[in-house]
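All remarks here apply to the structure that follows.
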Amino acid sequence: MSGLKVRQLKTKIRSVFENGIDRVGIKDTDPQKEVKILSRCLAAFGVYAATGCSHEEASASVWDGGDDNGIDAAFFDQAEKQVVLVQSKWIQSGSGEPEARDIGVFIDGITDLIEANWDAFGDRLQQKAEAISNSLMIPGVTIKILLVSTGASQIALHGTAKVNKFLTELNDGEDEALASFEVMGMREVFDGLANQAKTGKIDLNATLLDWSRVSHPHKAYFGIIDGAQLKSWWIEHGKRIVSKNIRYSLGDTDVNAQIKATATGQPELFWYFNNGITLIAEDTSRAPTAAASRSSGVFELKGASIVNGAQTVSTLAKVDDDSALGSVKVSVRIVLLKDAPESFGSDVTRTNNLQNRVEGRDFVAHDPEQNRIKGEMSLDGIDYQFHRSDDFVPSDVACDLTEVTTALACASPDAAHAVAAKTGLGRFYNDLSKAPYKAIFNPNTTGARAFNSVRVLRAVDQWILEKKSQAPKRSGYAWGLLIHGNRTLASAVFDRLAPSTIELPIPDFDPEYSKRVNEACEWAYLKMLEILEKEFPNKALAVLFKNVGSCRAIQAELKR
């Protein structure tokens, strides 16, 4: 039976992905030609299954070749803020599993990506490896490690040992896992390919409370649905439930963190705080039970797709407390397309996703401290933009909230603030009434301190940029410190300079500050390298510099 499935998969997977994959390193005379092509198609399928991207994007993500460092495909899903890394193996027999040795090479390759050791990849992959590494620098980005084969759905102990060790090290001390691991075997691949044609053709059952109907000009229903139902939808259908006409707005964002917090901590208030979801459906039928009542209605939605609210549904699916989800109430609109113009579904999808999302940082506009700081800077001819704006351009006489937040965080004597700046500025704006926001924006924060801190940080970033351009190789601690330790390095520079330096009136700021910053950078860099090699040997710097305890330990060593 396994052999039959392999033959069926062979035809299907080649028809879907083969035309888009790179055949580099595969010669027509190669006796393993077909197996290599099928393995690359399998890698493309892994990306497609994990992200819901197009077949073309999945095929283009394949790296497989002699210089791939164990990584057969890599894809950055910007919407989900997730990097998917795949190793694939086409097993002709349909049984067995990838070898532990190959899995070890795969994990080593992932480590090189995380540590920005781009030299470990072949010349043809240098730019791709750099692009993926850079995406891993984005706060909130997670890693999905996917092992896909036409063999077993589980791997033996020897194969999992290195994976588990890697995950333990990478996720150590994190509130939420930075990386996850999944195995797709014959069964998952076969089912995935067999079901992919169903995308966008989903039928859903929904119980709506306090529902009503709109008849003109186009038919629609609206009402309230509970979080438990939405979770069941996502668990059963995953991304296929989201309209293929839009990019998913998912991932570990500040908004999603607040959605989850409300669902678990204040489920009874969820309806008041959430915008709800909108679906389109080809048609619907309603169960005759209690047909005359609008208090509750059971509907079958045919050809349904979520066009707005994917963040809400996917985040609720991650809530473990099912009793809390039962208390979560969500507004829902269901727009029917059966008798509507042909383009109406696309119009509903497009217009429901044109709104500008309000971010936590937008609420700083109500903080009087921000207006005071802006006023103090303006007296010295400095334009401080704390409102979000797409047309802001930093200059010698202009800075914005992002720059000021990062600079003040690095200038803080508490290493935790520099770590927070590295892992995501959003956490500074989650609650403007307490730390970390109040720790850096308070009555003691003068306009001079804010802008002078920006000046110093810009000089540090410029030094790091030049140091990277002079690096003899892009690997090891000497390189990783520049990539992952930039904010902790900046914190050390602020500490090295006299604290009064950034408190000087803006016009009196040291005209030679760039020279002094460069000297402090060189000292801090060499000292930190010494500390890393002595106190933290063989550590993943990408993880170390996101750990408050480790950064405080480095900070203490620098003061000795």
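- In this structure, the separation between CD on Glu535 and CG on Leu544 is 11.5 Å, given to the nearest 0.5 Å.
- Checking side-chain atoms of Thr488 against main-chain N and O of Gly485 turns up no donor-acceptor pair under 3.5 Å.
- Here the side chain of Thr142 pairs no donor or acceptor atom with the backbone of Leu178 at under 3.5 angstrom.
- In this model, a donor atom of one side chain and an acceptor atom of the other lie less than 3.5 Å apart for Asn486 and Lys422.
- Atom CD of residue Glu282 and atom CG of residue Asp203 lie 10.0 Å apart, to the nearest 0.5 angstrom.
- In summary, the side chains of Glu188 and Ser153 do present a donor paired with an acceptor at a separation below 3.5 Å, with no hydrogens or angles considered.
- Between Trp90 and Gln92, the side chains place a donor N or O and an acceptor N or O closer than 3.5 Å (distance only, hydrogens not considered).
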Fill in: Stepwise side-chain contact (heavy atoms from CB on, under 4.5 Å) check, Met184 with Leu146
CA-CA 7 Å; Met184 292 183 71; Leu146 181 59; 3.6 Å; yes
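- In plain terms, the two heavy atoms of Tyr48 and Cys53 that are nearest each other are CD1-O, 3.0 Å.
- Between atom NZ of residue Lys260 and atom OG1 of residue Thr315 there is a gap of 8.5 Å, rounded to the nearest 0.5 Å.
- Screening Asp322, Asp226, Val328, Val313 against Lys231 for a side chain to side chain contact (heavy atoms under 4.5 Å, CB included) leaves a single residue, Asp322.
- Here Glu533 contributes atom CD and Asn538 contributes atom CG; the two are 10.5 Å apart, rounded to the nearest 0.5 Å.
- How far CG of Asn205 is from CD of Glu236: 8.5 Å, rounded to the nearest 0.5 Å.
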Item to complete: Might you work through the side-chain contact (heavy atoms from CB on, under 4.5 Å) test for Thr207 and Ile225, ending with a clear yes or no?
Response: CA-CA 7 Å; Thr207 299; Ile225 192 169; over 6 Å; no
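- Residue-environment remark: CG (Asn164) exceeds the threshold of 12 foreign heavy atoms within 6.0 Å.
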Worksheet item: Can you check side-chain contact (heavy atoms from CB on, under 4.5 Å) on Leu147 and Ile103, steps first, answer last?
Response: CA-CA 8 Å; Leu147 186 63; Ile103 296 173; 3.8 Å; yes
Fill in: Worked verdict on Asn547 versus Cys551 for side-chain contact (heavy atoms from CB on, under 4.5 Å)
CA-CA 6 Å; Asn547 184 284; Cys551 290; 5.9 Å; no
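- Nearest approach of Met137 to Ile114, heavy atoms of both residues: CE-O, 4.1 Å.
- When only modelled atom types and interatomic distance are considered, Trp118 and Ser133 share a side-chain donor-acceptor pair under 3.5 Å.
- The shortest side-chain heavy-atom distance between Met186 and Leu9 falls under the 4.5 Å cut-off.
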Atom pairs and distances, donor-acceptor, side-chain atoms in residues 58-65, under 3.5 Å, two or more places apart:
from  : atom 1 : to    : atom 2 : distance (Å)
Ser59 : OG     : Phe17 : O      : 3.2
Ser59 : OG     : His55 : O      : 3.0
Ser61 : OG     : Ala58 : O      : 2.6
Asp64 : OD2    : Arg40 : NE     : 3.3

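- A distance-only check finds no donor-acceptor pair linking the side chain of Thr11 to the backbone of Gln8 [under 3.5 Å].
- Atom NZ of Lys539 sits in a sparse spot, with 12 or fewer heavy atoms from other residues, nucleotides or ligands closer than 6.0 Å.
- Smallest separation of non-hydrogen atoms from Ile155 and Pro98: CG2-CD, 4.5 Å.
- Taking all atoms of both residues into account, the shortest heavy-atom contact from Val332 to Ile224 is CG1-N, 4.2 Å.
- Looking at Val16 and Phe45, their side chains never come closer than 4.5 Å, going by heavy atoms from C-beta outward.
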Item to complete: Might you work through the salt bridge (Lys or Arg N to Asp or Glu O under 4.0 Å) test for Asp77 and Lys144, ending with a clear yes or no?
Response: CA-CA 10 Å; Asp77 189 340; Lys144 185 181 185 69; over 6 Å; no
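- In terms of modelled atom types and a separation under 3.5 Å, the side chain of His237 and the main chain of Ser232 share no donor-acceptor contact.
- Ion pair Lys89/Asp72 not flagged as a salt bridge, since none of the NZ, NE, NH1 or NH2 atoms sits closer than 4.0 Å to an Asp/Glu carboxylate oxygen.
- When every heavy atom of Ser149 is checked against every heavy atom of Leu42, the shortest pair comes out as CA-CD2, 3.6 Å.
- With Asp321 contributing its side chain and Ala324 its backbone, the two residues share a donor-acceptor pair below 3.5 Å.
- Under the 3.5 Å distance criterion, the side-chain polar atoms of Ser135 are matched with a main-chain donor or acceptor of Ile132.
- Of the possible donor and acceptor atoms, one in the side chain of Trp479 sits under 3.5 Å from a partner among the backbone N and O of Ala116.
- For Ile259 against Phe270, the heavy-atom pair with the smallest separation is O-CE1, 3.6 Å.
- The neighbour count for Arg101 CZ, taken as heavy atoms of other residues, nucleotides or ligands under 6.0 Å away, does not exceed 12.
- In this model, a donor atom of one side chain and an acceptor atom of the other lie less than 3.5 Å apart for Thr312 and Asn274.
- Distance alone, capped at 3.5 Å, is enough to place a donor-acceptor pair between the Glu57 side chain and the Ser54 backbone.
- Side chain of Asp112 to backbone of Asn69: no donor-acceptor contact under 3.5 angstrom is found.
- Note that the CD atom of Gln555 and the OG atom of Ser550 stand 12.5 Å from one another [nearest 0.5 Å].
- Glu115 places no side-chain N or O within 3.5 Å of a backbone atom of Ser475 that could act as its donor or acceptor partner.
- For the side chain to side chain contact (heavy atoms under 4.5 Å, CB included) with Gln87, the qualifying choice from Ile145, Asp68, Asp102 is Asp102, the only one to do so.
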